[in-house]
Amino acid sequence: AQSVAQPEDQVNVAEGNPLTVKCTYSVSGNPYLFWYVQYPNRGLQFLLKYITGDNLVKGSYGFEAEFNKSQTSFHLKKPSALVSDSALYFCAVGSGGATNKLIFGTGTLLAVQP
Amino acid sequence: DTAVSQTPKYLVTQMGNDKSIKCEQNLGHDTMYWYKQDSKKFLKIMFSYNNKELIINETVPNRFSPKSPDKAHLNLHINSLELGDSAVYFCASNMPHAGSGQETQYFGPGTRLLVL
């Protein structure tokens, strides 16, 4: 069965510092991995995805993620955090097949302190 | 223009009532979904429709009944509401690439349901 894990409930980082939000995956077949962000009382916004090709994926708002097959990880990164990046971040895997659903991790709350 | 829209945004109701949530997408997508986000922010698929045909029904109680009048709309009707139904319900849509799992899903703003 496909699954993703986000080992940290919360990540705290100072504004201007680099940030990493961790995600590991377990899939059979090719992994199709996604990051979404949820701002307070808002819907989910798509940040980026890995389908194939370059292991470093660039997305919206200066975020990027690195796909690492040997470590089965897909960590979200940003070189310099902003206070406005504070939000709930979800890693997800696309199940493919007939159901074609997203399977989400438990979410990581990113808090960027000024 | 909003790509995926939901109404209402907030819904407060009494236990035992019946309510509906509506979803519309103007992206021309074939597939629409309902997800439930519980109080711990955990997100889980409930239903999926592809071109008005039910594809996914993830062990959701029979009190929940989705209806897709056309491929741009997916509504969720809930009978006999229970306290445990309180959650945020998200609609999403995508254009699946032969069910590959590659296609990005676009989410609506959510409907915050509170059952008293």
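Because the structure is a prediction, the values reported are computed rather than measured. A, B, ... follow the sequence lines: proteins, then strands. Residue 1 opens every chain.
More than 12 non-hydrogen atoms from other residues, nucleotides or ligands lie less than 6.0 angstrom from NZ of Lys71(B). More than 12 heavy atoms of other residues, nucleotides or ligands sit less than 6.0 Å from atom CD of Gln113(A). Other residues, nucleotides and ligands place more than 12 heavy atoms under 6.0 Å from the CZ atom of Arg63(B). Under a cut-off of 6.0 angstrom, the local environment of CG in Asp70(B) is crowded, with over 12 non-hydrogen atoms contributed by other residues, nucleotides or ligands.
Heavy-atom distances place the side chain of Gln38(A), and not its backbone, under 4.5 Å from chain B. Contacts between Ile51(A) and chain B at a heavy-atom distance below 4.5 Å involve the side chain alone, from C-beta outward. In this structure, chain A has a heavy atom under 4.5 Å from the side chain of Gln37(B), while its backbone stays farther away. Only the side chain of Asn94(B) comes within contact range of chain A, with at least one heavy atom under 4.5 Å from a heavy atom of that chain.
A distance-only check finds a donor-acceptor pair linking the side chain of Arg112(B) to the backbone of Asn41(A) [under 3.5 Å]. For the pair Tyr36(A) (side chain) and Gln105(B) (backbone), a donor-acceptor distance under 3.5 Å is present.
Under the 4.5 Å side-chain contact rule for hydrophobic residues, Tyr89(B) and Leu11(B) share a cluster. Hydrophobic clustering, with ILVMFWY side chains joined whenever heavy atoms are under 4.5 angstrom apart, keeps Leu76(A) apart from Leu88(A). If you chain together hydrophobic residues whose side chains sit under 4.5 Å apart, Phe90(B) and Phe46(A) fall into the same group. The hydrophobic clustering, which links ILVMFWY residues whose side-chain heavy atoms are closer than 4.5 Å, places Leu109(A) and Leu19(A) apart. Placement of Ile103(A) and Phe34(A) in two distinct hydrophobic clusters is found when ILVMFWY residues are connected by side-chain heavy-atom separations under 4.5 Å, directly or transitively.
Heavy atoms only, all atoms of each residue included: Gln102(B) and Tyr32(A) are closest at NE2-OH, 3.4 Å. In terms of heavy-atom proximity, Glu58(B) sits nearest to Lys101(A) at OE2-NZ, 2.8 Å. Between Phe107(B) and Leu44(A), the closest heavy-atom pair is CB-O, 3.6 Å.
Of residues 75-83 of chain B, no residue lies under 4.5 Å from chain A by any heavy-atom pair.
In terms of heavy-atom pairs under 4.5 angstrom with chain A, the leader among Leu43(B), Asn50(B), Val88(B) is Leu43(B).
A distance below 6.0 Å separates the ring centres of Tyr35(B) and Phe104(A).
Under the salt bridge (Lys or Arg N to Asp or Glu O under 4.0 Å) criterion, Lys77(A) pairs with Glu66(A), sequence neighbours left out.
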